[in-house]
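Notes to accompany the following structure.
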Protein chains: 2
Amino acid sequence: MQLEEAKNKFIQSWGTLGTHWGINRTMAQILALLLVSDKPLSANDIMAQLNISMGNTNMNIRALMDWSLVYKELVPGERKDFYIAEKDVWKVTSRIVEHRKRKELEPMIRILEDLQNVEGEGESVEEFKEVVNQIHLFAVKSDATLEKILIADRNNFFNILMKLVLK
Amino acid sequence: MQLEEAKNKFIQSWGTLGTHWGINRTMAQILALLLVSDKPLSANDIMAQLNISMGNTNMNIRALMDWSLVYKELVPGERKDFYIAEKDVWKVTSRIVEHRKRKELEPMIRILEDLQNVEGEGESVEEFKEVVNQIHLFAVKSDATLEKILIADRNNFFNILMKLVLK
DNA sequence: CAATATTTTCAAAATTTTCTGAAAGATACA
DNA sequence: TGTATCTTTCAGAAAATTTTGAAAATATTG
(Lines give C-alpha, C1' and ligand atoms only; values in the text may rest on other atoms or scores of the structure.)
Protein backbone atom coordinates (compact mmCIF):
# COMPACT_ATOMS: atom_id res chain seq x y z
CA MET A 1 0.00 0.00 0.00
CA GLN A 2 1.40 3.38 -1.01
CA LEU A 3 1.31 6.41 1.25
CA GLU A 4 -1.32 8.24 -0.77
CA GLU A 5 -3.60 5.23 -0.79
CA ALA A 6 -3.13 4.76 2.95
CA LYS A 7 -3.95 8.39 3.63
CA ASN A 8 -7.12 8.17 1.57
CA LYS A 9 -8.19 5.01 3.32
CA PHE A 10 -7.64 6.71 6.65
CA ILE A 11 -9.64 9.76 5.61
CA GLN A 12 -12.54 7.65 4.38
CA SER A 13 -12.68 5.46 7.48
CA TRP A 14 -12.36 8.36 9.84
CA GLY A 15 -15.18 10.08 7.99
CA THR A 16 -17.46 7.12 8.53
CA LEU A 17 -16.49 6.82 12.17
CA GLY A 18 -17.17 10.50 12.71
CA THR A 19 -20.81 10.18 11.76
CA HIS A 20 -21.21 7.94 14.82
CA TRP A 21 -19.70 10.58 17.03
CA GLY A 22 -21.89 13.60 16.50
CA ILE A 23 -19.55 14.87 13.81
CA ASN A 24 -20.63 14.86 10.19
CA ARG A 25 -18.74 13.04 7.49
CA THR A 26 -17.07 16.10 6.00
CA MET A 27 -16.04 17.51 9.36
CA ALA A 28 -14.42 14.19 10.23
CA GLN A 29 -12.73 13.95 6.85
CA ILE A 30 -11.23 17.41 7.15
CA LEU A 31 -9.89 16.50 10.57
CA ALA A 32 -8.45 13.27 9.16
CA LEU A 33 -6.86 15.07 6.23
CA LEU A 34 -5.19 17.55 8.54
CA LEU A 35 -4.11 14.77 10.89
CA VAL A 36 -2.12 13.02 8.17
CA SER A 37 -0.91 16.14 6.42
CA ASP A 38 2.70 17.00 7.03
CA LYS A 39 2.09 20.71 6.51
CA PRO A 40 -0.67 23.21 7.26
CA LEU A 41 -3.39 23.32 4.60
CA SER A 42 -5.47 26.21 3.33
CA ALA A 43 -9.21 26.07 2.80
CA ASN A 44 -8.41 25.79 -0.88
CA ASP A 45 -6.14 22.81 -0.40
CA ILE A 46 -8.84 21.08 1.61
CA MET A 47 -11.52 21.85 -0.96
CA ALA A 48 -9.37 20.43 -3.72
CA GLN A 49 -8.25 17.31 -1.91
CA LEU A 50 -11.63 16.28 -0.60
CA ASN A 51 -13.57 17.49 -3.63
CA ILE A 52 -16.02 19.57 -1.65
CA SER A 53 -17.41 23.04 -2.04
CA MET A 54 -16.13 26.25 -0.60
CA GLY A 55 -19.09 26.70 1.69
CA ASN A 56 -18.93 23.18 3.02
CA THR A 57 -15.22 23.53 3.66
CA ASN A 58 -15.61 26.81 5.46
CA MET A 59 -18.49 25.69 7.65
CA ASN A 60 -16.75 22.55 8.79
CA ILE A 61 -13.37 24.14 9.39
CA ARG A 62 -15.09 26.59 11.67
CA ALA A 63 -16.94 23.84 13.47
CA LEU A 64 -13.63 22.05 14.00
CA MET A 65 -12.06 25.21 15.37
CA ASP A 66 -15.06 25.69 17.61
CA TRP A 67 -14.46 22.20 18.98
CA SER A 68 -10.71 23.00 19.37
CA LEU A 69 -9.82 20.12 17.11
CA VAL A 70 -8.22 22.36 14.49
CA TYR A 71 -6.24 25.57 14.77
CA LYS A 72 -5.37 28.40 12.47
CA GLU A 73 -1.72 28.65 11.64
CA LEU A 74 -0.30 31.77 10.10
CA VAL A 75 2.13 31.08 7.29
CA PRO A 76 4.48 34.05 6.76
CA GLY A 77 4.14 35.62 3.36
CA GLU A 78 0.78 33.95 2.76
CA ARG A 79 -2.47 35.80 2.72
CA LYS A 80 -4.68 32.74 3.10
CA ASP A 81 -5.42 31.15 6.43
CA PHE A 82 -3.79 27.78 7.02
CA TYR A 83 -4.99 25.09 9.35
CA ILE A 84 -3.44 22.30 11.41
CA ALA A 85 -5.10 19.55 13.43
CA GLU A 86 -4.74 18.78 17.09
CA LYS A 87 -2.68 15.61 16.90
CA ASP A 88 -2.84 14.56 20.52
CA VAL A 89 -5.27 11.65 20.51
CA TRP A 90 -6.20 12.16 24.12
CA LYS A 91 -7.05 15.82 23.52
CA VAL A 92 -9.07 14.98 20.42
CA THR A 93 -11.05 12.37 22.32
CA SER A 94 -11.60 14.41 25.41
CA ARG A 95 -12.84 17.40 23.43
CA ILE A 96 -15.37 15.26 21.62
CA VAL A 97 -16.48 13.65 24.87
CA GLU A 98 -16.76 17.03 26.54
CA HIS A 99 -18.96 18.33 23.74
CA ARG A 100 -21.27 15.37 23.91
CA LYS A 101 -21.45 15.48 27.66
CA ARG A 102 -22.56 19.10 27.51
CA LYS A 103 -24.96 18.66 24.64
CA GLU A 104 -26.52 15.31 25.50
CA LEU A 105 -25.90 13.99 28.97
CA GLU A 106 -26.34 17.23 30.90
CA PRO A 107 -29.60 18.29 29.24
CA MET A 108 -30.95 14.79 29.85
CA ILE A 109 -30.08 15.02 33.53
CA ARG A 110 -31.97 18.30 33.77
CA ILE A 111 -35.02 16.73 32.17
CA LEU A 112 -34.87 13.72 34.45
CA GLU A 113 -34.73 16.01 37.45
CA ASP A 114 -37.71 17.92 36.19
CA LEU A 115 -39.65 14.69 35.72
CA GLN A 116 -39.30 13.86 39.40
CA ASN A 117 -41.89 16.60 39.97
CA VAL A 118 -44.70 14.46 38.63
CA GLU A 119 -47.84 14.84 40.75
CA GLY A 120 -50.16 12.16 42.10
CA GLU A 121 -49.77 9.18 44.37
CA GLY A 122 -50.92 5.86 42.88
CA GLU A 123 -48.76 2.87 42.19
CA SER A 124 -48.28 3.84 38.57
CA VAL A 125 -46.82 7.19 39.61
CA GLU A 126 -44.43 5.43 41.96
CA GLU A 127 -43.35 3.04 39.22
CA PHE A 128 -42.71 5.93 36.88
CA LYS A 129 -40.67 7.75 39.49
CA GLU A 130 -38.69 4.61 40.12
CA VAL A 131 -37.74 4.20 36.45
CA VAL A 132 -36.85 7.86 36.11
CA ASN A 133 -34.90 7.78 39.31
CA GLN A 134 -32.82 4.79 38.28
CA ILE A 135 -31.90 6.46 35.02
CA HIS A 136 -31.16 9.73 36.76
CA LEU A 137 -28.87 8.06 39.26
CA PHE A 138 -27.01 6.36 36.48
CA ALA A 139 -26.75 9.52 34.41
CA VAL A 140 -25.41 11.55 37.31
CA LYS A 141 -22.80 8.94 38.13
CA SER A 142 -21.73 8.76 34.50
CA ASP A 143 -21.51 12.52 34.32
CA ALA A 144 -19.37 12.73 37.43
CA THR A 145 -17.10 10.00 36.14
CA LEU A 146 -16.62 11.68 32.80
CA GLU A 147 -15.94 14.96 34.53
CA LYS A 148 -13.28 13.30 36.65
CA ILE A 149 -11.69 11.72 33.63
CA LEU A 150 -11.78 14.93 31.62
CA ILE A 151 -10.07 17.08 34.19
CA ALA A 152 -7.34 14.49 34.57
CA ASP A 153 -4.44 14.94 32.22
CA ARG A 154 -3.46 12.34 29.71
CA ASN A 155 -1.11 10.47 31.99
CA ASN A 156 -3.66 10.29 34.66
CA PHE A 157 -6.14 9.02 32.15
CA PHE A 158 -3.89 6.22 31.01
CA ASN A 159 -3.27 5.30 34.61
CA ILE A 160 -6.97 5.03 35.22
CA LEU A 161 -7.42 2.98 32.07
CA MET A 162 -4.58 0.72 33.05
CA LYS A 163 -6.01 0.11 36.49
CA LEU A 164 -9.30 -0.84 34.92
CA VAL A 165 -7.80 -3.08 32.32
CA LEU A 166 -5.35 -4.85 34.62
CA LYS A 167 -7.73 -5.13 37.55
CA MET B 1 -47.08 17.94 36.06
CA GLN B 2 -49.43 15.05 35.54
CA LEU B 3 -48.27 11.48 34.95
CA GLU B 4 -49.30 11.43 31.30
CA GLU B 5 -47.49 14.67 30.59
CA ALA B 6 -44.41 13.42 32.35
CA LYS B 7 -44.43 10.17 30.39
CA ASN B 8 -44.71 12.05 27.11
CA LYS B 9 -41.90 14.37 28.06
CA PHE B 10 -39.76 11.37 28.89
CA ILE B 11 -40.57 9.66 25.59
CA GLN B 12 -39.75 12.77 23.58
CA SER B 13 -36.47 13.43 25.34
CA TRP B 14 -35.37 9.85 25.18
CA GLY B 15 -36.18 9.85 21.48
CA THR B 16 -33.90 12.82 20.91
CA LEU B 17 -31.13 11.33 23.01
CA GLY B 18 -31.39 8.07 21.10
CA THR B 19 -30.47 9.70 17.83
CA HIS B 20 -27.09 10.52 19.37
CA TRP B 21 -26.57 6.88 20.29
CA GLY B 22 -26.87 5.06 16.99
CA ILE B 23 -30.56 4.45 17.62
CA ASN B 24 -33.15 6.21 15.54
CA ARG B 25 -35.83 8.43 17.03
CA THR B 26 -38.67 5.95 16.76
CA MET B 27 -36.64 3.07 18.11
CA ALA B 28 -35.70 5.15 21.13
CA GLN B 29 -39.28 6.32 21.62
CA ILE B 30 -40.64 2.79 21.58
CA LEU B 31 -38.06 1.82 24.18
CA ALA B 32 -39.03 4.83 26.29
CA LEU B 33 -42.72 4.06 26.00
CA LEU B 34 -42.15 0.48 27.14
CA LEU B 35 -39.88 1.65 29.94
CA VAL B 36 -42.61 3.77 31.50
CA SER B 37 -45.49 1.46 30.71
CA ASP B 38 -46.80 -0.50 33.66
CA LYS B 39 -47.96 -3.36 31.45
CA PRO B 40 -46.79 -5.11 28.29
CA LEU B 41 -47.90 -3.39 25.08
CA SER B 42 -48.83 -4.84 21.71
CA ALA B 43 -47.56 -3.49 18.40
CA ASN B 44 -51.00 -1.95 18.03
CA ASP B 45 -50.81 -0.16 21.37
CA ILE B 46 -47.41 1.24 20.41
CA MET B 47 -48.64 2.36 16.98
CA ALA B 48 -51.56 4.16 18.54
CA GLN B 49 -49.66 5.81 21.37
CA LEU B 50 -46.76 7.07 19.27
CA ASN B 51 -48.81 7.76 16.17
CA ILE B 52 -46.61 5.83 13.85
CA SER B 53 -47.27 3.33 11.10
CA MET B 54 -47.50 -0.41 11.35
CA GLY B 55 -44.36 -0.98 9.34
CA ASN B 56 -42.32 1.48 11.32
CA THR B 57 -43.52 -0.05 14.57
CA ASN B 58 -42.68 -3.55 13.45
CA MET B 59 -39.24 -2.72 12.13
CA ASN B 60 -38.18 -0.91 15.25
CA ILE B 61 -39.58 -3.44 17.68
CA ARG B 62 -37.54 -6.06 15.94
CA ALA B 63 -34.44 -3.93 16.03
CA LEU B 64 -34.96 -3.45 19.77
CA MET B 65 -35.34 -7.19 20.27
CA ASP B 66 -32.22 -7.73 18.21
CA TRP B 67 -30.39 -5.42 20.59
CA SER B 68 -31.93 -7.28 23.59
CA LEU B 69 -33.48 -4.06 24.82
CA VAL B 70 -37.05 -5.33 24.43
CA TYR B 71 -38.54 -8.80 24.93
CA LYS B 72 -41.67 -10.55 23.78
CA GLU B 73 -44.04 -11.38 26.58
CA LEU B 74 -46.84 -13.85 25.98
CA VAL B 75 -50.13 -12.72 27.47
CA PRO B 76 -52.44 -15.72 28.07
CA GLY B 77 -55.64 -15.61 26.07
CA GLU B 78 -54.21 -13.03 23.67
CA ARG B 79 -53.36 -13.72 20.10
CA LYS B 80 -51.16 -10.64 19.63
CA ASP B 81 -47.55 -10.44 20.73
CA PHE B 82 -46.84 -8.17 23.67
CA TYR B 83 -43.60 -6.46 24.48
CA ILE B 84 -41.76 -5.30 27.58
CA ALA B 85 -38.56 -3.28 27.93
CA GLU B 86 -35.39 -4.24 29.69
CA LYS B 87 -35.62 -1.95 32.71
CA ASP B 88 -32.18 -2.50 34.15
CA VAL B 89 -30.34 0.71 33.27
CA TRP B 90 -26.99 -0.99 33.40
CA LYS B 91 -28.10 -3.71 30.99
CA VAL B 92 -29.61 -1.16 28.62
CA THR B 93 -26.41 0.85 28.61
CA SER B 94 -24.08 -2.07 28.28
CA ARG B 95 -26.00 -3.52 25.36
CA ILE B 96 -25.86 -0.24 23.51
CA VAL B 97 -22.16 0.12 24.26
CA GLU B 98 -21.52 -3.44 23.15
CA HIS B 99 -23.26 -2.84 19.84
CA ARG B 100 -21.30 0.29 19.16
CA LYS B 101 -18.04 -1.30 20.16
CA ARG B 102 -18.64 -4.10 17.67
CA LYS B 103 -19.87 -1.88 14.88
CA GLU B 104 -17.54 1.10 15.21
CA LEU B 105 -14.51 0.64 17.41
CA GLU B 106 -13.52 -2.85 16.30
CA PRO B 107 -13.74 -2.22 12.55
CA MET B 108 -11.69 0.95 13.06
CA ILE B 109 -9.00 -1.00 14.87
CA ARG B 110 -8.80 -3.46 11.99
CA ILE B 111 -8.39 -0.61 9.53
CA LEU B 112 -5.70 1.04 11.64
CA GLU B 113 -3.82 -2.24 11.76
CA ASP B 114 -4.07 -2.57 8.02
CA LEU B 115 -2.74 0.97 7.57
CA GLN B 116 0.49 0.08 9.37
CA ASN B 117 1.41 -1.83 6.19
CA VAL B 118 2.06 1.34 4.26
CA GLU B 119 5.18 0.99 2.12
CA GLY B 120 8.08 3.38 1.67
CA GLU B 121 10.60 4.95 3.97
CA GLY B 122 10.76 8.73 3.88
CA GLU B 123 9.99 11.08 6.73
CA SER B 124 6.42 11.57 5.60
CA VAL B 125 5.77 7.83 5.79
CA GLU B 126 7.17 7.77 9.30
CA GLU B 127 4.99 10.67 10.32
CA PHE B 128 1.93 8.95 8.94
CA LYS B 129 2.77 5.75 10.76
CA GLU B 130 3.23 7.68 13.97
CA VAL B 131 -0.22 9.29 13.78
CA VAL B 132 -1.88 6.00 12.90
CA ASN B 133 0.02 4.23 15.62
CA GLN B 134 -1.01 6.71 18.30
CA ILE B 135 -4.65 6.33 17.35
CA HIS B 136 -4.36 2.56 17.19
CA LEU B 137 -2.82 2.38 20.63
CA PHE B 138 -5.57 4.50 22.05
CA ALA B 139 -8.30 2.53 20.28
CA VAL B 140 -6.97 -0.80 21.50
CA LYS B 141 -6.76 0.43 25.07
CA SER B 142 -10.27 1.80 24.92
CA ASP B 143 -11.54 -1.45 23.47
CA ALA B 144 -9.92 -3.50 26.21
CA THR B 145 -11.30 -1.20 28.87
CA LEU B 146 -14.80 -1.41 27.49
CA GLU B 147 -14.54 -5.18 27.26
CA LYS B 148 -13.47 -5.33 30.89
CA ILE B 149 -16.34 -3.11 31.94
CA LEU B 150 -18.88 -5.03 29.89
CA ILE B 151 -18.04 -8.43 31.30
CA ALA B 152 -18.20 -7.06 34.81
CA ASP B 153 -21.60 -7.24 36.39
CA ARG B 154 -23.50 -4.22 37.48
CA ASN B 155 -22.11 -4.17 41.02
CA ASN B 156 -18.63 -4.39 39.74
CA PHE B 157 -19.36 -1.59 37.37
CA PHE B 158 -20.66 0.68 40.08
CA ASN B 159 -17.64 -0.13 42.17
CA ILE B 160 -15.38 0.92 39.36
CA LEU B 161 -17.39 4.08 38.81
CA MET B 162 -17.26 4.86 42.49
CA LYS B 163 -13.53 4.46 42.67
CA LEU B 164 -13.14 6.83 39.79
CA VAL B 165 -15.53 9.39 41.15
CA LEU B 166 -14.17 9.36 44.68
CA LYS B 167 -10.54 9.11 43.68
C1' DC C 1 -59.28 -26.43 5.58
C1' DA C 2 -61.19 -21.82 5.36
C1' DA C 3 -61.70 -17.67 7.74
C1' DT C 4 -59.63 -14.28 10.44
C1' DA C 5 -56.04 -11.99 12.97
C1' DT C 6 -51.40 -10.66 13.20
C1' DT C 7 -46.82 -9.83 11.48
C1' DT C 8 -43.53 -8.79 7.90
C1' DT C 9 -41.84 -6.73 3.71
C1' DC C 10 -40.52 -3.16 0.74
C1' DA C 11 -41.20 0.45 -2.98
C1' DA C 12 -42.46 4.95 -2.89
C1' DA C 13 -43.16 9.26 -0.16
C1' DA C 14 -41.89 12.32 3.40
C1' DT C 15 -38.61 14.22 6.24
C1' DT C 16 -34.15 15.49 7.79
C1' DT C 17 -29.49 16.43 7.02
C1' DT C 18 -25.82 17.89 4.33
C1' DC C 19 -23.80 20.33 0.45
C1' DT C 20 -23.37 23.75 -3.19
C1' DG C 21 -22.16 28.05 -5.22
C1' DA C 22 -23.32 32.74 -6.11
C1' DA C 23 -23.32 36.85 -3.70
C1' DA C 24 -22.05 39.66 0.14
C1' DG C 25 -18.64 40.74 3.53
C1' DA C 26 -13.97 41.17 5.16
C1' DT C 27 -9.14 42.00 4.84
C1' DA C 28 -4.72 43.17 2.97
C1' DC C 29 -2.01 45.55 -0.13
C1' DA C 30 -0.49 49.29 -3.27
C1' DT D 1 -9.04 54.73 -1.75
C1' DG D 2 -9.37 51.12 -5.18
C1' DT D 3 -8.47 46.55 -6.33
C1' DA D 4 -7.60 41.93 -5.58
C1' DT D 5 -7.84 38.07 -2.56
C1' DC D 6 -9.86 35.43 0.77
C1' DT D 7 -13.80 34.22 3.97
C1' DT D 8 -18.55 33.83 5.26
C1' DT D 9 -23.42 33.34 4.55
C1' DC D 10 -27.51 31.13 3.25
C1' DA D 11 -31.39 29.79 0.04
C1' DG D 12 -32.08 26.22 -2.79
C1' DA D 13 -30.42 21.53 -4.47
C1' DA D 14 -28.91 17.05 -3.53
C1' DA D 15 -28.29 13.18 -0.72
C1' DA D 16 -29.28 10.29 3.08
C1' DT D 17 -32.40 8.58 6.31
C1' DT D 18 -36.77 7.49 8.04
C1' DT D 19 -41.65 6.50 7.54
C1' DT D 20 -45.75 4.95 5.37
C1' DG D 21 -49.22 1.64 4.02
C1' DA D 22 -50.75 -1.72 0.79
C1' DA D 23 -49.84 -6.27 -0.21
C1' DA D 24 -47.79 -10.66 0.94
C1' DA D 25 -46.64 -13.93 4.32
C1' DT D 26 -47.49 -16.25 8.51
C1' DA D 27 -50.02 -17.87 12.46
C1' DT D 28 -54.20 -19.08 15.01
C1' DT D 29 -58.78 -20.66 15.59
C1' DG D 30 -62.95 -23.28 14.89
Side-chain angles (χ1 to χ4, degrees), chain A residues 11-12 14-34 40-67 70-84 99-100 103-104, chain B residues 11-12 14-34 40-67 70-84 99-100 103-104:
Chain A
I11 291 167
Q12 291 311 315
W14 197 254
T16 304
L17 195 70
T19 61
H20 301 296
W21 274 88
I23 289 175
N24 75 36
R25 176 178 310 275
T26 303
M27 190 171 160
Q29 286 182 342
I30 294 176
L31 177 60
L33 174 62
L34 290 172
L41 299 180
S42 70
N44 245 298
D45 298 334
I46 294 170
M47 254 175 88
Q49 295 219 37
L50 297 181
N51 244 288
I52 57 178
S53 73
M54 196 187 337
N56 195 10
T57 306
N58 183 263
M59 264 176 37
N60 284 296
I61 287 175
R62 290 195 308 114
L64 284 165
M65 289 200 295
D66 183 50
W67 286 47
V70 161
Y71 312 109
K72 238 176 215 170
E73 173 129 312
L74 293 183
V75 173
E78 281 279 8
R79 199 155 151 184
K80 292 187 196 100
D81 291 335
F82 284 74
Y83 305 94
I84 54 172
H99 251 264
R100 304 196 66 191
K103 295 223 177 131
E104 297 166 33
Chain B
I11 291 167
Q12 291 311 316
W14 197 254
T16 304
L17 195 69
T19 61
H20 299 297
W21 273 88
I23 288 176
N24 76 36
R25 177 181 308 278
T26 303
M27 190 171 161
Q29 285 182 342
I30 292 175
L31 177 61
L33 174 61
L34 290 171
L41 300 179
S42 70
N44 243 298
D45 297 335
I46 293 170
M47 254 175 87
Q49 294 219 38
L50 298 181
N51 245 290
I52 57 178
S53 73
M54 196 187 337
N56 196 8
T57 307
N58 182 264
M59 264 176 36
N60 284 296
I61 286 175
R62 290 194 309 114
L64 285 165
M65 289 200 295
D66 184 49
W67 287 48
V70 161
Y71 312 110
K72 241 178 211 167
E73 173 129 311
L74 293 183
V75 174
E78 281 278 10
R79 201 154 148 181
K80 290 185 197 106
D81 290 335
F82 283 75
Y83 304 93
I84 55 174
H99 252 265
R100 302 196 68 191
K103 295 224 177 130
E104 297 165 32

Exercise for the section: May I ask you to say what N44(B) touches in the nucleic acid, namely base, sugar-phosphate or nothing, with a heavy-atom cut-off under 4.0 Å? Expected result: nothing
Handout entry: Among dT19(D), dT8(C), dG21(C), the nucleotide that comes nearest once only the side chain of S53(B) is considered
Key = dT19(D)
Problem - D45(A) (side chain) donor-acceptor with S42(A) (main chain) under 3.5 angstrom - result: yes
Handout entry: dT6(C) base / R79(B) side chain donor-acceptor hit below 3.5 Å
Key = no
Handout entry: Between dC6(D) (P) and E78(A) (CD): distance, integer Å
Key = 8 Å
Fill in the blank from the handout: To the nearest angstrom, the CE-P distance between M59(A) and dT18(C) comes to 9 Å
Exercise for the section: May I ask you to evaluate whether R25(B) reaches the phosphate of dT17(D), defined as a side-chain N or O under 4.0 Å from OP1 or OP2? Expected result: no
Handout entry: Whole angstrom value for the distance that separates P of dG21(D) from CE of M47(B)
Key = 9 Å
Practice task
Rounded to the nearest angstrom, tell me the gap between atom CD1 in I30(A) and atom C1' in dC19(C).
Solution key: 12 Å
Completion exercise
F82(A) atom CZ is separated from dT5(D) atom P, nearest whole Å, by 15 Å
Exercise for the section: Could you check if a side-chain atom of I30(B) sits within less than 4.5 angstrom of a side-chain atom of Y83(B), using non-hydrogen atoms only? Expected result: no
Handout entry: Minimum-distance nucleotide to N60(B) side chain [options: dT20(D), dT19(D), dT7(D)]
Key = dT19(D)
Handout entry: Student check: side-chain heavy atoms of Q12(A) and Q29(A) closer than 4.5 Å
Key = yes
Exercise for the section: For N56(A), answer base if it contacts any base atom (sugar-phosphate contacts may also be present), sugar-phosphate if it contacts only those atoms, and nothing otherwise; contact means non-hydrogen atoms under 4.0 Å. Expected result: base
Problem - Under 4.0 angstrom between R62(A) side-chain N/O and dT9(D) OP1 or OP2 - result: yes
Handout entry: pair T57(A)-L50(A): side-chain heavy atoms closer than 4.5 Å
Key = no
Practice task
Output yes when at least one side-chain N/O atom of T26(B) is less than 4.0 Å from OP1 or OP2 of dT19(D), else no.
Solution key: yes
Fill in the blank from the handout: Between CD1 of I61(A) and C1' of dT9(D) the distance, given in whole Å, is 15 Å
Exercise for the section: Take atom CD1 of I46(A) and atom P of dT8(D), then tell me their distance rounded to the nearest Å. Expected result: 12 Å
Practice task
Report, as yes or no, whether the 6.0 Å neighbourhood of atom CH2 on W21(B) holds more than 12 heavy atoms from other residues, nucleotides or ligands.
Solution key: no
Handout entry: Under 4.0 angstrom between N58(B) side-chain N/O and dT8(C) OP1 or OP2
Key = yes
Handout entry: Nearest listed nucleotide, side chain of K80(B), among dC19(C), dT7(C), dT19(D)
Key = dT7(C)
Handout entry: Rounded distance in Å - NZ (K72(A)) to P (dC6(D))
Key = 14 Å
